[in-house]
Number of protein chains: 2
Amino acid sequence: MARMSDIIEDFIKQLINETDGSIEIQRNELASYFKCVPSQINYVIDTRFTTERGYYVESRRGGGGYIKIQRVNVDRPGKYLMHIVSSMGDSISQQSAEVFINNFVDYDVISEREGLLMKAATSDKVLGGIGAPDRDIIRASILKNMLAALMV
Amino acid sequence: MARMSDIIEDFIKQLINETDGSIEIQRNELASYFKCVPSQINYVIDTRFTTERGYYVESRRGGGGYIKIQRVNVDRPGKYLMHIVSSMGDSISQQSAEVFINNFVDYDVISEREGLLMKAATSDKVLGGIGAPDRDIIRASILKNMLAALMV
DNA sequence: GATTTTGACTATCTTTGACTTTCATATATA
DNA sequence: TATATATGAAAGTCAAAGATAGTCAAAATC
(Lines give C-alpha, C1' and ligand atoms only; values in the text may rest on other atoms or scores of the structure.)
Protein backbone atom coordinates (compact mmCIF):
# COMPACT_ATOMS: atom_id res chain seq x y z
CA MET A 1 0.00 0.00 0.00
CA ALA A 2 1.21 3.44 -0.84
CA ARG A 3 2.60 5.42 2.01
CA MET A 4 0.29 8.02 3.49
CA SER A 5 3.27 10.31 3.95
CA ASP A 6 4.02 10.21 0.22
CA ILE A 7 0.43 11.03 -0.62
CA ILE A 8 0.45 13.98 1.73
CA GLU A 9 3.78 15.08 0.31
CA ASP A 10 2.43 15.04 -3.23
CA PHE A 11 -0.68 16.89 -2.16
CA ILE A 12 1.33 19.67 -0.58
CA LYS A 13 3.66 19.89 -3.55
CA GLN A 14 0.75 20.26 -5.88
CA LEU A 15 -0.67 23.02 -3.71
CA ILE A 16 2.68 24.77 -3.85
CA ASN A 17 2.83 24.47 -7.62
CA GLU A 18 -0.66 25.84 -7.99
CA THR A 19 0.09 28.83 -5.84
CA ASP A 20 3.38 30.11 -7.08
CA GLY A 21 5.73 28.64 -4.55
CA SER A 22 4.21 29.39 -1.18
CA ILE A 23 1.29 28.02 0.82
CA GLU A 24 -0.20 28.30 4.26
CA ILE A 25 -1.96 25.33 5.76
CA GLN A 26 -3.62 24.42 9.04
CA ARG A 27 -2.13 21.28 10.50
CA ASN A 28 -5.34 19.96 11.99
CA GLU A 29 -7.36 20.65 8.90
CA LEU A 30 -4.92 18.78 6.68
CA ALA A 31 -4.73 15.93 9.17
CA SER A 32 -8.46 15.51 9.29
CA TYR A 33 -8.65 15.72 5.49
CA PHE A 34 -6.29 12.76 5.30
CA LYS A 35 -7.73 11.10 8.41
CA CYS A 36 -4.33 10.91 10.07
CA VAL A 37 -2.99 12.17 13.36
CA PRO A 38 -1.78 15.77 13.25
CA SER A 39 1.77 14.84 14.09
CA GLN A 40 2.01 12.97 10.83
CA ILE A 41 1.88 16.31 9.10
CA ASN A 42 4.95 17.26 11.09
CA TYR A 43 6.62 14.05 10.04
CA VAL A 44 5.97 14.76 6.38
CA ILE A 45 7.25 18.30 6.71
CA ASP A 46 10.31 17.29 8.70
CA THR A 47 11.33 14.59 6.27
CA ARG A 48 10.21 16.02 2.92
CA PHE A 49 10.19 19.78 3.11
CA THR A 50 13.63 20.35 4.51
CA THR A 51 16.19 22.99 3.66
CA GLU A 52 18.18 20.31 1.91
CA ARG A 53 15.30 19.77 -0.43
CA GLY A 54 14.91 23.45 -1.04
CA TYR A 55 12.03 24.46 1.20
CA TYR A 56 11.61 27.04 3.88
CA VAL A 57 9.03 26.41 6.59
CA GLU A 58 7.67 28.64 9.30
CA SER A 59 4.72 28.25 11.60
CA ARG A 60 2.75 29.71 14.42
CA ARG A 61 0.86 28.09 17.27
CA GLY A 62 -2.22 29.19 19.07
CA GLY A 63 -5.51 30.47 17.73
CA GLY A 64 -5.22 31.24 14.06
CA GLY A 65 -2.03 29.22 13.88
CA TYR A 66 -0.65 28.03 10.58
CA ILE A 67 2.22 26.32 8.80
CA LYS A 68 3.75 28.16 5.88
CA ILE A 69 5.84 26.29 3.34
CA GLN A 70 7.84 28.06 0.66
CA ARG A 71 9.93 26.70 -2.15
CA VAL A 72 13.32 28.36 -2.10
CA ASN A 73 14.45 30.09 -5.27
CA VAL A 74 17.87 29.28 -6.59
CA ASP A 75 19.06 31.78 -9.17
CA ARG A 76 22.79 31.13 -9.04
CA PRO A 77 23.19 27.35 -9.30
CA GLY A 78 26.98 27.43 -9.17
CA LYS A 79 26.95 29.44 -6.01
CA TYR A 80 24.31 27.17 -4.57
CA LEU A 81 26.44 24.12 -5.32
CA MET A 82 29.48 25.72 -3.70
CA HIS A 83 27.49 26.46 -0.63
CA ILE A 84 26.13 22.94 -0.43
CA VAL A 85 29.56 21.40 -0.77
CA SER A 86 31.05 23.50 1.94
CA SER A 87 28.14 22.90 4.28
CA MET A 88 28.03 19.19 3.66
CA GLY A 89 30.13 17.85 6.48
CA ASP A 90 32.47 14.89 6.46
CA SER A 91 29.79 12.24 6.80
CA ILE A 92 26.58 11.73 4.92
CA SER A 93 23.88 9.07 4.75
CA GLN A 94 22.67 7.53 1.53
CA GLN A 95 19.37 9.29 1.91
CA SER A 96 20.90 12.71 2.33
CA ALA A 97 23.19 12.12 -0.61
CA GLU A 98 20.22 11.24 -2.73
CA VAL A 99 18.39 14.38 -1.66
CA PHE A 100 21.38 16.53 -2.56
CA ILE A 101 21.75 14.88 -5.92
CA ASN A 102 18.08 15.23 -6.75
CA ASN A 103 18.39 18.89 -5.96
CA PHE A 104 21.34 19.33 -8.28
CA VAL A 105 19.33 17.74 -11.05
CA ASP A 106 16.27 19.85 -10.28
CA TYR A 107 18.30 23.01 -10.47
CA ASP A 108 20.08 21.93 -13.62
CA VAL A 109 23.47 21.93 -11.96
CA ILE A 110 24.02 18.44 -13.30
CA SER A 111 22.29 16.35 -15.94
CA GLU A 112 19.99 13.48 -15.18
CA ARG A 113 22.57 10.95 -16.30
CA GLU A 114 25.16 12.57 -14.09
CA GLY A 115 22.66 12.34 -11.25
CA LEU A 116 22.24 8.63 -11.87
CA LEU A 117 25.99 8.20 -11.86
CA MET A 118 26.32 10.01 -8.56
CA LYS A 119 23.56 8.03 -6.94
CA ALA A 120 25.08 4.80 -8.18
CA ALA A 121 28.47 5.74 -6.76
CA THR A 122 27.11 6.73 -3.36
CA SER A 123 24.50 4.04 -2.82
CA ASP A 124 24.58 1.61 0.06
CA LYS A 125 24.41 -1.06 -2.57
CA VAL A 126 28.10 -0.51 -3.21
CA LEU A 127 29.21 1.00 0.09
CA GLY A 128 27.19 -1.30 2.31
CA GLY A 129 30.17 -3.54 2.78
CA ILE A 130 32.03 -0.83 4.64
CA GLY A 131 31.52 -0.67 8.39
CA ALA A 132 29.06 1.72 9.96
CA PRO A 133 30.95 4.90 10.80
CA ASP A 134 33.36 4.80 7.84
CA ARG A 135 30.70 4.19 5.25
CA ASP A 136 29.13 7.63 5.50
CA ILE A 137 32.52 9.29 5.62
CA ILE A 138 33.64 7.66 2.41
CA ARG A 139 30.30 8.48 0.84
CA ALA A 140 30.77 12.15 1.65
CA SER A 141 34.24 12.01 0.25
CA ILE A 142 33.08 10.44 -3.00
CA LEU A 143 30.27 12.92 -3.42
CA LYS A 144 32.43 15.93 -2.71
CA ASN A 145 35.11 14.72 -5.07
CA MET A 146 32.64 14.19 -7.85
CA LEU A 147 31.24 17.67 -7.37
CA ALA A 148 34.71 19.13 -7.23
CA ALA A 149 35.56 17.36 -10.47
CA LEU A 150 32.66 19.14 -12.16
CA MET A 151 33.64 22.54 -10.84
CA VAL A 152 37.11 22.54 -12.35
CA MET B 1 12.63 -31.05 -7.31
CA ALA B 2 13.47 -27.83 -9.05
CA ARG B 3 15.28 -25.32 -6.98
CA MET B 4 13.05 -22.76 -5.33
CA SER B 5 15.50 -19.98 -6.15
CA ASP B 6 15.28 -20.79 -9.85
CA ILE B 7 11.51 -20.73 -9.73
CA ILE B 8 11.52 -17.36 -8.03
CA GLU B 9 14.07 -16.08 -10.51
CA ASP B 10 11.90 -17.12 -13.44
CA PHE B 11 8.85 -15.61 -11.84
CA ILE B 12 10.55 -12.26 -11.39
CA LYS B 13 11.94 -12.33 -14.91
CA GLN B 14 8.51 -12.96 -16.30
CA LEU B 15 7.13 -10.05 -14.30
CA ILE B 16 9.86 -7.86 -15.71
CA ASN B 17 9.07 -8.96 -19.24
CA GLU B 18 5.41 -8.24 -18.78
CA THR B 19 6.06 -4.77 -17.45
CA ASP B 20 8.52 -3.15 -19.75
CA GLY B 21 11.72 -3.83 -17.90
CA SER B 22 11.01 -2.58 -14.43
CA ILE B 23 9.09 -3.95 -11.46
CA GLU B 24 8.49 -3.17 -7.84
CA ILE B 25 7.86 -6.00 -5.42
CA GLN B 26 7.33 -6.43 -1.71
CA ARG B 27 9.75 -8.87 -0.25
CA ASN B 28 7.36 -10.33 2.30
CA GLU B 29 4.56 -10.67 -0.19
CA LEU B 30 6.70 -12.55 -2.65
CA ALA B 31 8.11 -14.73 0.12
CA SER B 32 4.70 -15.69 1.37
CA TYR B 33 3.53 -16.34 -2.19
CA PHE B 34 6.34 -18.86 -2.53
CA LYS B 35 6.10 -19.98 1.08
CA CYS B 36 9.77 -19.30 1.70
CA VAL B 37 11.60 -17.13 4.19
CA PRO B 38 11.95 -13.48 3.16
CA SER B 39 15.71 -13.64 3.07
CA GLN B 40 15.51 -16.11 0.24
CA ILE B 41 14.26 -13.29 -1.93
CA ASN B 42 17.47 -11.46 -1.10
CA TYR B 43 19.44 -14.52 -2.04
CA VAL B 44 17.75 -14.73 -5.42
CA ILE B 45 18.30 -11.04 -6.07
CA ASP B 46 21.91 -11.10 -4.91
CA THR B 47 22.81 -14.08 -7.06
CA ARG B 48 20.57 -13.62 -10.12
CA PHE B 49 19.83 -9.96 -10.55
CA THR B 50 23.32 -8.55 -10.38
CA THR B 51 24.88 -5.78 -12.44
CA GLU B 52 26.94 -8.41 -14.24
CA ARG B 53 23.74 -9.96 -15.43
CA GLY B 54 22.34 -6.62 -16.45
CA TYR B 55 20.03 -5.59 -13.65
CA TYR B 56 19.82 -2.52 -11.49
CA VAL B 57 18.22 -2.92 -8.07
CA GLU B 58 17.12 -0.44 -5.44
CA SER B 59 14.96 -0.78 -2.35
CA ARG B 60 13.44 0.92 0.62
CA ARG B 61 12.65 -0.32 4.11
CA GLY B 62 9.90 0.62 6.50
CA GLY B 63 6.17 0.87 5.99
CA GLY B 64 5.34 0.74 2.31
CA GLY B 65 8.83 -0.53 1.56
CA TYR B 66 9.68 -2.17 -1.74
CA ILE B 67 12.35 -3.71 -3.93
CA LYS B 68 12.66 -2.29 -7.42
CA ILE B 69 14.38 -4.32 -10.13
CA GLN B 70 15.19 -2.84 -13.52
CA ARG B 71 16.65 -4.60 -16.50
CA VAL B 72 19.31 -2.46 -18.14
CA ASN B 73 19.34 -1.69 -21.83
CA VAL B 74 21.56 -3.90 -23.89
CA ASP B 75 21.41 -1.95 -27.11
CA ARG B 76 24.53 -0.81 -28.94
CA PRO B 77 26.73 1.10 -26.49
CA GLY B 78 25.02 -0.73 -23.70
CA LYS B 79 26.05 -4.05 -25.12
CA TYR B 80 29.66 -2.99 -25.17
CA LEU B 81 29.43 -1.74 -21.60
CA MET B 82 27.65 -4.88 -20.52
CA HIS B 83 30.48 -6.91 -21.90
CA ILE B 84 33.01 -4.78 -20.08
CA VAL B 85 31.10 -5.02 -16.85
CA SER B 86 30.88 -8.77 -16.89
CA SER B 87 34.52 -9.15 -17.85
CA MET B 88 35.79 -6.71 -15.29
CA GLY B 89 36.20 -8.96 -12.28
CA ASP B 90 35.42 -8.21 -8.69
CA SER B 91 38.50 -6.16 -7.99
CA ILE B 92 40.17 -3.38 -9.89
CA SER B 93 43.06 -0.99 -9.31
CA GLN B 94 42.78 2.76 -9.74
CA GLN B 95 45.01 2.57 -12.79
CA SER B 96 42.91 -0.04 -14.51
CA ALA B 97 39.75 1.82 -13.70
CA GLU B 98 41.18 4.90 -15.31
CA VAL B 99 42.10 2.99 -18.42
CA PHE B 100 38.58 1.66 -18.69
CA ILE B 101 37.07 5.08 -18.18
CA ASN B 102 39.35 6.73 -20.71
CA ASN B 103 38.28 4.09 -23.18
CA PHE B 104 34.62 4.81 -22.57
CA VAL B 105 35.24 8.46 -23.27
CA ASP B 106 37.29 7.69 -26.35
CA TYR B 107 34.56 5.51 -27.76
CA ASP B 108 31.90 8.10 -26.90
CA VAL B 109 30.08 5.76 -24.61
CA ILE B 110 30.14 8.43 -21.92
CA SER B 111 30.77 12.15 -22.00
CA GLU B 112 33.92 13.77 -20.75
CA ARG B 113 32.15 15.16 -17.71
CA GLU B 114 30.81 11.71 -16.93
CA GLY B 115 34.33 10.42 -17.24
CA LEU B 116 35.54 12.97 -14.74
CA LEU B 117 32.77 11.94 -12.37
CA MET B 118 33.69 8.30 -12.64
CA LYS B 119 37.36 8.95 -12.07
CA ALA B 120 36.57 11.08 -9.05
CA ALA B 121 34.40 8.35 -7.57
CA THR B 122 36.96 5.61 -8.10
CA SER B 123 40.15 7.47 -7.25
CA ASP B 124 42.45 6.44 -4.45
CA LYS B 125 42.01 9.95 -3.18
CA VAL B 126 38.61 8.94 -1.84
CA LEU B 127 39.08 5.20 -1.44
CA GLY B 128 42.61 5.35 -0.05
CA GLY B 129 41.30 5.13 3.47
CA ILE B 130 40.00 1.63 2.88
CA GLY B 131 42.36 -1.23 3.57
CA ALA B 132 44.28 -2.95 0.82
CA PRO B 133 42.19 -5.89 -0.37
CA ASP B 134 38.80 -4.25 0.12
CA ARG B 135 39.68 -1.01 -1.63
CA ASP B 136 39.86 -2.49 -5.10
CA ILE B 137 36.77 -4.56 -4.53
CA ILE B 138 34.73 -1.54 -3.60
CA ARG B 139 36.18 0.37 -6.51
CA ALA B 140 35.03 -2.35 -8.91
CA SER B 141 31.63 -2.32 -7.30
CA ILE B 142 31.29 1.45 -7.63
CA LEU B 143 32.40 1.41 -11.24
CA LYS B 144 30.06 -1.41 -12.21
CA ASN B 145 27.14 0.16 -10.46
CA MET B 146 27.74 3.48 -12.20
CA LEU B 147 27.89 1.79 -15.59
CA ALA B 148 24.74 -0.15 -14.86
CA ALA B 149 22.96 3.05 -13.86
CA LEU B 150 23.74 4.54 -17.24
CA MET B 151 22.21 1.60 -19.01
CA VAL B 152 18.83 1.66 -17.33
C1' DG C 1 32.90 -28.44 -1.83
C1' DA C 2 29.57 -25.34 -3.59
C1' DT C 3 25.05 -23.76 -3.62
C1' DT C 4 20.67 -23.18 -1.44
C1' DT C 5 17.57 -22.79 2.45
C1' DT C 6 16.47 -21.05 6.90
C1' DG C 7 16.00 -18.10 10.78
C1' DA C 8 17.65 -15.05 14.33
C1' DC C 9 19.05 -10.58 14.66
C1' DT C 10 19.60 -5.75 12.80
C1' DA C 11 18.55 -1.38 10.36
C1' DT C 12 15.43 1.81 8.52
C1' DC C 13 11.19 4.11 7.72
C1' DT C 14 6.26 5.20 8.98
C1' DT C 15 2.34 5.69 11.96
C1' DT C 16 0.34 6.84 16.24
C1' DG C 17 -0.72 9.15 20.50
C1' DA C 18 0.23 11.22 24.90
C1' DC C 19 2.15 15.17 26.58
C1' DT C 20 4.09 20.10 26.00
C1' DT C 21 4.46 24.77 24.31
C1' DT C 22 2.80 28.88 22.34
C1' DC C 23 -0.41 32.28 21.01
C1' DA C 24 -4.92 35.08 20.87
C1' DT C 25 -8.66 36.41 23.20
C1' DA C 26 -11.79 36.87 26.89
C1' DT C 27 -12.30 37.91 31.64
C1' DA C 28 -11.06 39.41 36.11
C1' DT C 29 -8.65 42.61 39.07
C1' DA C 30 -5.99 46.72 40.75
C1' DT D 1 -8.01 51.98 32.09
C1' DA D 2 -4.24 49.05 32.35
C1' DT D 3 -2.57 44.87 33.65
C1' DA D 4 -2.84 40.23 35.15
C1' DT D 5 -4.96 35.75 34.64
C1' DA D 6 -7.72 32.09 32.63
C1' DT D 7 -9.25 29.63 28.66
C1' DG D 8 -9.18 27.49 24.41
C1' DA D 9 -7.08 26.80 20.03
C1' DA D 10 -3.50 25.82 17.51
C1' DA D 11 1.27 23.68 16.53
C1' DG D 12 5.57 21.00 18.46
C1' DT D 13 8.06 17.01 20.56
C1' DC D 14 9.28 12.55 21.41
C1' DA D 15 9.17 7.90 22.02
C1' DA D 16 6.69 3.55 21.37
C1' DA D 17 4.62 0.50 18.14
C1' DG D 18 4.27 -1.22 13.52
C1' DA D 19 6.00 -2.37 8.95
C1' DT D 20 9.40 -3.41 5.88
C1' DA D 21 13.95 -4.79 4.03
C1' DG D 22 19.07 -6.32 5.01
C1' DT D 23 22.78 -9.29 7.00
C1' DC D 24 25.07 -13.22 8.25
C1' DA D 25 26.08 -17.67 9.39
C1' DA D 26 24.40 -22.35 10.46
C1' DA D 27 22.10 -26.20 8.46
C1' DA D 28 20.57 -28.67 4.57
C1' DT D 29 21.06 -30.19 0.04
C1' DC D 30 23.15 -31.15 -4.31
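Chain A is the first sequence line, chain B the second, and so forth, proteins listed ahead of strands; every chain is numbered from 1. Side chains are part of it too, since the values below use all heavy atoms of this structure and drop only hydrogens, waters and symmetry mates.
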Item to check | Atom pair distance, as rounded to whole Å: CD1 in A:Ile7 and C1' in C:dT15 | outcome: 13 Å
Checklist entry - Quick one: A:Lys125 NZ to D:dT23 C1', roughly how many Å, whole number? => result 13 Å
Next on the checklist: My understanding is that only residues two or more places apart in sequence, or in another chain, count here; which of them pass ring-ring contact (aromatic ring centres under 6.0 Å, His included) with B:Phe11?
Outcome noted: B:Tyr33, B:Phe34
Checklist entry - OP1, OP2 of D:dA21 versus side-chain N and O of B:Gln26: anything below 4.0 Å? => result yes
Checklist entry - For the pair made of CD1 in B:Ile67 and C1' in D:dA19, what is the distance, rounded to whole Å? => result 14 Å
Checklist entry - Looking at the side chain of B:Ser5, which of C:dT16, C:dT5, D:dT20 is the nearest nucleotide? => result C:dT5
Next on the checklist: Check this one for me: any side-chain N or O of B:Arg48 less than 4.0 Å away from OP1 or OP2 of C:dT3?
Outcome noted: no
Checklist entry - With nearest nucleotides of DNA chain C determined for A:Gln95 and B:Gln40 from heavy-atom distances, which residue corresponds to the more 5′ nucleotide? => result B:Gln40
Please tabulate, one pair per line, all N/O donor-acceptor pairs under 3.5 Å involving side-chain atoms of residues 50-57 of chain B, not counting sequence neighbours.
residue: B:Thr50; atom: OG1; partner: B:Arg53; partner atom: N; Å: 3.3
residue: B:Glu52; atom: OE2; partner: B:Lys144; partner atom: NZ; Å: 2.4

Restricting to nitrogen or oxygen on both sides, can you table the protein-nucleotides 21-27 of chain C pairs closer than 3.5 Å?
residue: C:dT21; atom: O4'; partner: A:Arg61; partner atom: NH1; Å: 3.3
residue: C:dT21; atom: O2; partner: A:Arg61; partner atom: NH1; Å: 2.6
residue: C:dT22; atom: O2; partner: A:Gly62; partner atom: N; Å: 3.4
residue: C:dC23; atom: O3'; partner: A:Arg60; partner atom: NH2; Å: 3.4
residue: C:dA24; atom: OP1; partner: A:Arg60; partner atom: NE; Å: 3.4
residue: C:dA24; atom: OP1; partner: A:Arg60; partner atom: NH2; Å: 2.1

Item to check | OP1 or OP2 of D:dT23 under 4.0 Å from side-chain N/O of B:Ser39 | outcome: no
Next on the checklist: Nearest whole Å is fine: how far is C:dT15 P from A:Leu30 CG?
Outcome noted: 14 Å
Checklist entry - Do A:Ser111 side-chain atoms and A:Glu114 backbone N/O form a donor-acceptor pair below 3.5 Å? => result yes
Checklist entry - B:Arg3 side chain N/O closer than 4.0 Å to the phosphate oxygens (OP1, OP2) of C:dT4? => result yes
Checklist outcome for this item: So salt bridge (charged side-chain N to carboxylate O under 4.0 Å, His left out) across residues 95-111 of chain B, not counting sequence neighbours, yields none
Checklist entry - Which whole-number value in Å describes the distance from A:Ile41 CD1 to D:dT13 P? => result 15 Å
Item to check | Distance in angstrom units between A:Tyr43 OH and C:dT12 P, rounded | outcome: 13 Å
Next on the checklist: For B:Leu116, give me all partners under side chain to side chain contact (heavy atoms under 4.5 Å, CB included), at least two apart in sequence or on another chain.
Outcome noted: A:Ala149
Checklist entry - Please give, in whole Å, the distance from D:dT20 P to B:Asn42 CG? => result 15 Å
Checklist entry - Backbone N or O of B:Ile92 within a donor-acceptor pair of the B:Ser96 side chain at under 3.5 Å? => result no
Checklist entry - Taking only N and O in the side chain of A:Ser59, is any of them less than 4.0 Å away from OP1 or OP2 of D:dG12? => result yes
Item to check | Atom-pair distance (CE on A:Met4; C1' on C:dC13), nearest Å | outcome: 16 Å
Show which side-chain atoms of residues 125-137 of chain B pair as donor or acceptor with protein atoms under 3.5 Å away, not counting sequence neighbours.
residue: B:Arg135; atom: NE; partner: B:Ile130; partner atom: O; Å: 3.3
residue: B:Asp136; atom: OD1; partner: B:Arg139; partner atom: NH2; Å: 2.7

